[in-house]
Amino acid sequence: MSGRINEEDIATVRERARIDEIVGSHVALRNAGSGTMKGLCPFHDEKTPSFQVNPSRGFYYCFGCGEGGDVISFVQKIDNLSFVETVERLADRVGVQLRYTDGGAGHPERGLRLRLMEAHQAAAEFYADQLNSAEAMIGRQFLSERGFDRTAAERFGVGYAPQDGKALKRHLTGRGFSDPELVGGGLVRESGWDYFQGRLLWPIRDSGTQVLGFGARRLLDDDRMPAKYLNTPETALYKKSHVLYGLDLARQQIGKTSQAVVVEGYTDVMAAHLSGVETAVASCGTAFGDDHARLLRRLMGNHDAFRGEVIFTFDGDAAGQAAALKVFGGDANFIGQTYVAVEPSGLDPCDLRLQQGEAAVRELVARRVPLYRFVMANVLSRHDLDRADGRLSALREAAPLVASVRDYNLSSGYVRELSNMLGMDVEEVRQEVARTARGGRPKPDNAREGQAMVEQSDDRRWLPDPADRLLLTERETTKLLLQAPALFDPDWLGLEASDFTHRAYAALFRAIQSARTSADGGHGSEGAAWVHRVATAVPHELLTSLVASLAVEPLSWHGPATEQYAYANAAKLRLLTVMRQVNELKSKLQRMNPVQNPTGYNQMFSELVILEARRNDLHTQSLRGPD
Ligand code: ZN
């Protein structure tokens, strides 16, 4: 029977246990002003933080799900402990000797979860000690062959489970743990034998320091368990879908840098941390899943969707690519923040550090690329992009990937990038993605890109949507060109066909250019004659009808069509082109490793500076009009 804890002692525990520190080991907290701190709620899934902690008042509250309370209820809820267990655990932590009332003789019985936590702590210490035994030579050898010395082993708490088979049980029984506790915690098997025997062990902790279970590597040829790696079975404490090895060591850096690196094995986590990649974690005996993703996102704080990065290291081989595709199929919210670091040599971080040094591990992470780009490149590599039909089938295969991204801003960025990778028109890619998203059928095979204009002659889809907001400036400028060509100088105010992203507008602009040339350079031919000349210069009858409609469609601006208005429109259109170039260059820069290619990087960087200057210039012009 558990005695009741003295009320005064509970109050002391509540006072001494700092809520910001305890919550902070589960959630990245940032100052939100007036003594409050903010983070992502650990009790419900959210993208923007509504979870608040007030350290001076010792309270937390989530405006999203309404969960709230003091430090005791937080630990109770997050660690799934009873009230008494929580107070006991916190009392140990802050050094309060609890007094029990009406508890009777003997020390009161603690709850099972808390006992399992204590047993694991004791087991981890026992195993770490055993690594120094004569028998553990083979384990020490395993470590040193992989470049890990004694200090490294201690830093990561690596241990050794003796072959004896009852050593842990004896040790923990001597410490007062009962058989049901040891079996329930997955430390001892039903048969009475230690769960792990003759293996090298890594303690798996929560984001605080609590050991929840172990991962174990086979060392001996006569190990009766054939699996190379064994993990603690699922227990009240250990849930493989919710644990990440290295989380306790990586937690602070993950919060500070809003970055987490997911590697594949225990030795990879060690190698990464020792190489200076202190945000590395690994899933244990299971694939990385949505729960793991949520865990990391919470620790990253993720206050800005563009900042958080989860980087997966994969082998460059087929299995690694398949793994990447699997991640892509996961939580859609997560994809935009997901990156892939592929080592072309196929070495994992542990071998990479051993063979090429610690800088190579850091560079592997620096070379990361966005996951969707990796996956799309992977899909595209299976097609011959030099052929129009190859591009089309690549587009059809890649479109569902992009369509699966629900975030509009993300998906429109992917559309643009996919069209760059394919070398296809943005609008065509956008339409295919939209069609896939609607669950529509792909275009018939004979709709080859080169002949699309002819074959789709009865298909008005080819024409731009007048209401497309992204194309408003293109449409307005084309209307001005048709309705008031005199407002443009002989150089068309610096406009080029490439300033028009929709190919119908671009084709129309080319026709306008040639219509003027054929009229001996003057553009005195206002009105119907001018429109007629343009209409005869367009390459297809569909465009003729576009010319006709644009010639009569009112300007979206209600003021008079002045020189200044035409000038501002042209500047705006050129500004959009420069902005696209800036984005492309930035994305190239992001893909480039400055360490590997400093010259190329610096060159691109100076190009970027020039483009940014032009952008500012055009921005001013688009607002002001000509001097
Ligand atoms: Zn919440």
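Read the numbers this way: they start at 1 and go in the same order the structure lists the ligands and their atoms.
Partner of R115 under the side-chain hydrogen bond (donor to acceptor under 3.5 Å, both in side chains) criterion, out of H120, E181, E85: E181 alone.
For the Zn ion (ligand 1), the tally of protein N/O/S atoms lying closer than 2.8 Å stands at 4.
In this structure, R155 places its CZ atom where more than 12 heavy-atom neighbours from other residues, nucleotides or ligands lie under 6.0 Å away.
Looking at D194, its side chain never comes within 3.5 Å of a backbone N or O of F196 through a donor-acceptor pair. Formation of a donor-acceptor pair under 3.5 Å by the R251 side chain with backbone atoms of G24 is found in this model.
The distance between the ring centers of F74 and F43 falls below 6.0 angstrom.
The pair R89-D92 does not count as a salt bridge, with every side-chain nitrogen at least 4.0 angstrom from each carboxylate oxygen.
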